[in-house]
Amino acid sequence: MAPVKGTFLPDGKLWMGPGTLEVPTALFALNRKRLVEKLQGVKKDAIVLLQGGSELPFYDTDVTYVFRQESYFIWCFGTTEAGCYGAIDVSTGDSYLFVPRFPAEYAVWMGPLVSLTAFKNKYDVTHVYYVDQLDEILQKINRGSLLTLKGPNTDSGLVAKEATFAEISKYTVDNEVLFPIIADLRVYKTPFEIEVMKYVVEISSAAHMHIMRTAKADMYEYQCESEFLNYCYRKGGCRHASYTCICGSGTNGAILHYGHAGAPNNYPVKDGTLCLFDMGANYFGYAADITVTFPVSGKFTPDQKLIYEAVLASNLAVFKAGKPGVSWSDMHVLANRVLLEELKKGGILKGSVDEMLDADIAAIFQPHGLGHLLGLDVHDVGGYLKGHPERSSRPGLKSLRTARLLEENMCFTIEPGCYFIDPLLDQALANPKQSKFLVPEVLQRFRGFGGVRIEDDVLVTKDGIVNLTKVPRTVQEIEDWISGKNDILEKLNIKV
Ligand code: GLY
Ligand code: MN
Ligand code: MN
């Protein structure tokens, strides 16, 4: 198909050129169709109105962040440009994209102006107009109310940006119906979306494998971060990462949100330590979120192996038990139970594992949740919608981003971890209800150890859970891969 003038995107698909995945605009058309089908039973005469993301300047300057489209807008329209609106007529299913009208001089600075026809072909919507025609067109098609999006993001506590425009007070606006329906639809991935998820997870997996081999003692953590970003962009066309890269080595592996501006992956990786690298690429909005933990030397020490294999046992137990109908909270507890059993076998804990669970011992070692929904947002929406289990207040469980039952076509992360975090260990040792389960002299050996996390991106199928992540996971696989053996490539059926 002919490329749209002024862009490198061909009609009917989003892609970044040869070797990268072609994302068909039919993906977004199907999302709209699913939305319309749901809404027809609820609000037949309505028009869905969404406002896309805007360019975000660096404070008071005229420099902007690299634009990233708002996720609900991508889900409906796939549009990569800023400053758009989109409407969907619930009764007919017709879709309307409104794009900014740029002055002629735009062409001097930003390249050729794209015609409305070219936009229509590119995004495969029914109609395209300019944003300044929004009121005129809505006046023509409106028969009832406008459905705008307003609802809480239960991870951030922030609220989705509700569409607004100068003349909106002329319309009846309903901002309650749309949110729970569209957020819930986003939870279930279509075959089109699953293809994109597989792609972004595979390129992220390959980038992690590349770094497992290239990371060396005395490199700086940020150099590993830059290798990841470069790999995913250069080989996979992934312009964005899905979140700030966490490249914690040694003790830094126990800092759960390491990599932030105050700790920007700026330590040298010390020989003999573990690297805990949590990084995921983003492709046209779809997110990967993978953590690998490996010894920079290429060989696990006995203590590193103990903790790594404890976390791996926990991860594998969830793979074995997870299937539709199973509660995610139960999976969290299962992962905790296995971790505690393994730590007990390793001599770090003592006593009854059931009593340890009652005493919230697991949350000392894994304060975060087992994992979360994954999709257009790395912590994807739909976690605590009405009608689904509510958030627990127990340590550990309260950090779960959803307590839903698993259902076919959901994407999740499974990311158990074990960390030695001084303030949590100190608190537990000072609390008689918890300290009785700890073996202080053994625990002491692990002060400064850092942590292990094994994070896979998975799809729930009819019968169970399929791992989309393709990286070496056992101690043997990791050691073999780092030492230069390539057997794992055939086992995982991958090219890197
Ligand atoms: N990287 C964020 C997370 O694992 O949830
Ligand atoms: Mn992660
Ligand atoms: Mn995650």
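Heads up: numbering here begins at 1 and tracks the sequence. Just so you know, ligand 1 is whichever comes first in the structure, and atom 1 is the first atom listed for that ligand.
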Subject >> Criterion salt bridge (Lys or Arg N to Asp or Glu O under 4.0 Å) against Asp184, the qualifying member of Arg404, Arg34, Lys38 >> reply: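 For Asp184, the salt bridge (Lys or Arg N to Asp or Glu O under 4.0 Å) test succeeds with only one of Arg404, Arg34, Lys38, which is Arg404.
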
**OP:** Give me the ring orientation class for His208 and Phe228: parallel if the planes are under 30° apart, tilted from 30 to 60°, perpendicular past 60°.
**Re:**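 Ring orientation, 0 to 90° scale: tilted.
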
Subject >> Whether Tyr419 and His368 hold their rings parallel, tilted or perpendicular, with breakpoints at 30° and 60° >> reply: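 Perpendicular.
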
Original post:
Just checking, Arg447 and Phe420: is the charged tip under 6.0 Å from the six-membered ring centre and within 45° of the axis?
Top reply: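 Not satisfied by the 6.0 Å and 45° rule.
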
So, [X] and [Y]: side-chain donor and acceptor under 3.5 Å apart, yes or no?
| X | Y | result |
| --- | --- | --- |
| Gln427 | Asn431 | no |
| Tyr286 | Glu193 | yes |
| Tyr123 | Thr80 | yes |

Subject >> Qualifying side chain to side chain donor-acceptor pair (under 3.5 Å) pairs, either residue in residues 348-357, two or more places apart >> reply: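 Every pair satisfying side chain to side chain donor-acceptor pair (under 3.5 Å) with a residue in residues 348-357: Arg337-Asp354.
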
**OP:** Run through ligand 1 for me and note each protein residue having a heavy atom under 4.0 Å from it, chain first, then residue number.
**Re:**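 Within the 4.0 Å shell of ligand 1, which is judged on heavy atoms, sit Tyr243, Asp278, Asp289, His372, His379, Glu415, Glu455.
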
**OP:** Write out all pairs satisfying salt bridge (charged side-chain N to carboxylate O under 4.0 Å, His left out) with one or both partners inside residues 246-261, taking only residues at least two apart or from two chains.
**Re:**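 Not a single pair qualifies under salt bridge (charged side-chain N to carboxylate O under 4.0 Å, His left out).
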
**OP:** Count up the protein N, O or S atoms sitting under 2.8 Å from the Mn ion (ligand 3), would you?
**Re:**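 There are 4 of them.
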
